Colleague: 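Please see the structure below; I have some questions.
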Amino acid sequence: MIEVVNVKKSFENRELFECKNLTFEKRGLYIVKGPNGCGKTTFLKMLFGKDKEYSGRIHNLFKKNIMLPQQPYFFKGSVEYNLALALSHERLKSAQEVLKMFGVPIKANINQLSAGQRQLVSFLRAFCIPSDVLFLDEPDSFLDKDVKEFVYKLIEDEAQKRCIIVVTHHQGAALKGNVIRFENGQIIKEGELYK
Ligand SMILES: Nc1ncnc2c1ncn2[C@@H]1O[C@H](COP(=O)(O)OP(=O)(O)OP(=O)(O)O)[C@@H](O)[C@H]1O
């Protein structure tokens, strides 16, 4: 569980956002939405514990936290090599099956893949690591419709077993879960009034 109480975030005296009260439960899907530059990535880093510069309290009780950043890092080498560095043999095999399904060559050098193919690899690398909470910063960037639908289904199913917090730009009916929205500098859970 993560509890957020009376949190305010500023950069160089510019207040970016405020979050009065929010709870992320042990299981469930939380979708963080809002316009460019409102602070979605910053908020995700704060929940993850990477950014500790704020006032108020964020109490993250999850033991194992995994994050897919907006710009994932890869090591020089093949797709398979990059996955094998993070995943056990069994999980590597599951990731490879998905890549095969979408025609991503696992023996290829990671730098030779398209942006969408690299995005799918980085998503699978983060997704296949067991964790209590998974933070996904725009996991759907560059993905085609069918890949996106597949990834969304994986995320929705998995959120029945662990907590998943996703930042997305995608509008309209797509991922189904609890929507956390940035509105006029306030972060609120959709369906709840300002407190
Ligand atoms: N380290 C930093 N120092 C100063 N300002 C920063 C820093 N990191 C982020 N910002 C500013 O905070 C604001 C929010 O950035 P953030 O990346 O969290 O937004 P976002 O909602 O994720 O945007 P996008 O939808 O475009 O990805 C931006 O104006 C950004 O320039």
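All residue numbers in this chain count up from 1 along the given sequence. Keep in mind that what you see is a predicted model, and the values were worked out from it rather than measured. Order of listing sets the numbers, starting from 1, for every ligand and every atom in it.
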Colleague: I'd like the name of whichever of Asn36, Leu16, Thr168 reaches closest to atom 26 (O) of ligand 1 through any heavy atom.
Modeller: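 Nearest heavy atom to atom 26 (O) of ligand 1 lies in Asn36.
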Colleague: Does Lys100 count as lying over the ring of Phe102, i.e. NZ or CZ under 6.0 Å from the six-ring centre, within 45 degrees of the axis?
Modeller: no
Colleague: For residues 57-77, pull every pair meeting salt bridge (Lys or Arg N to Asp or Glu O under 4.0 Å), keeping only residues two or more places apart or in separate chains.
Modeller: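 Passing the test, one end in residues 57-77: Glu3-Arg57.
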Colleague: Any heavy-atom pair between the side chains of Ile106 and Ser78 that's under 4.5 Å?
Modeller: no
Colleague: Does Phe75 sit in a hydrophobic cluster with other residues, and if so which ones, taking ILVMFWY side chains as linked at heavy-atom separations under 4.5 Å, directly or through other members?
Modeller: Tyr73, Tyr81, Leu85
Colleague: Please state which protein non-hydrogen atom is closest to atom 29 (O) of ligand 1 and give its distance, to 0.1 Å?
Modeller: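 Looking at atom 29 (O) of ligand 1, the protein heavy atom closest to it is Arg14 NH2, 3.2 Å.
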Colleague: Angle between ring planes, Phe24 versus Phe43, binned at 30° and 60°: parallel, tilted or perpendicular?
Modeller: tilted
Colleague: Please report whether ligand 1 has a polar contact with Thr41, defined as an N or O pair separated by less than 3.5 Å (distance criterion only).
Modeller: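 Right, the criterion is met.
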Colleague: I need the nearest protein heavy-atom contact for atom 19 (O) of ligand 1: residue, atom name and distance, please.
Modeller: Gly39 N, 3.4 Å
Colleague: Quick one: look up the protein heavy atom nearest atom 16 (P) of ligand 1 and list residue, atom name and how far away it is.
Modeller: Thr42 OG1, 3.6 Å
Colleague: So which of Glu53, Lys40, Glu138 gets nearest to atom 20 (P) of ligand 1, if we judge by its closest heavy atom?
Modeller: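 Among Glu53, Lys40, Glu138, the closest heavy atom to atom 20 (P) of ligand 1 belongs to Lys40.
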Colleague: Who gets closest to atom 4 (C) of ligand 1 by heavy atom: Phe182, Phe11, Phe17, Phe43?
Modeller: Phe11
Colleague: From the options Gly37, Ser141, Pro35, select the one whose nearest heavy atom is closest to atom 14 (C) of ligand 1.
Modeller: Gly37
Colleague: Is Lys45 close enough to touch ligand 1? Criterion: a residue heavy atom under 4.0 Å from a ligand atom.
Modeller: no
Colleague: Taking the six-membered ring of Phe127 as reference, does the NZ or CZ atom of Arg162 fall below 6.0 Å from its centre and within a 45° cone about the axis?
Modeller: yes
Colleague: Please verify whether a non-hydrogen atom of Gly34 lies at under 4.0 Å from ligand 1.
Modeller: no
Colleague: Do Val133 and Ile66 have side chains that get closer than 4.5 Å, going by heavy atoms?
Modeller: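 Counting from C-beta outward, Val133 and Ile66 never come under 4.5 Å.
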Colleague: Under a 3.5 Å cutoff, is there a donor and acceptor pairing between the side chains of Asn65 and Asn60?
Modeller: yes
Colleague: Among all protein heavy atoms, pick the one closest to atom 27 (O) of ligand 1 and tell me residue, atom and distance.
Modeller: Gln70 NE2, 3.2 Å
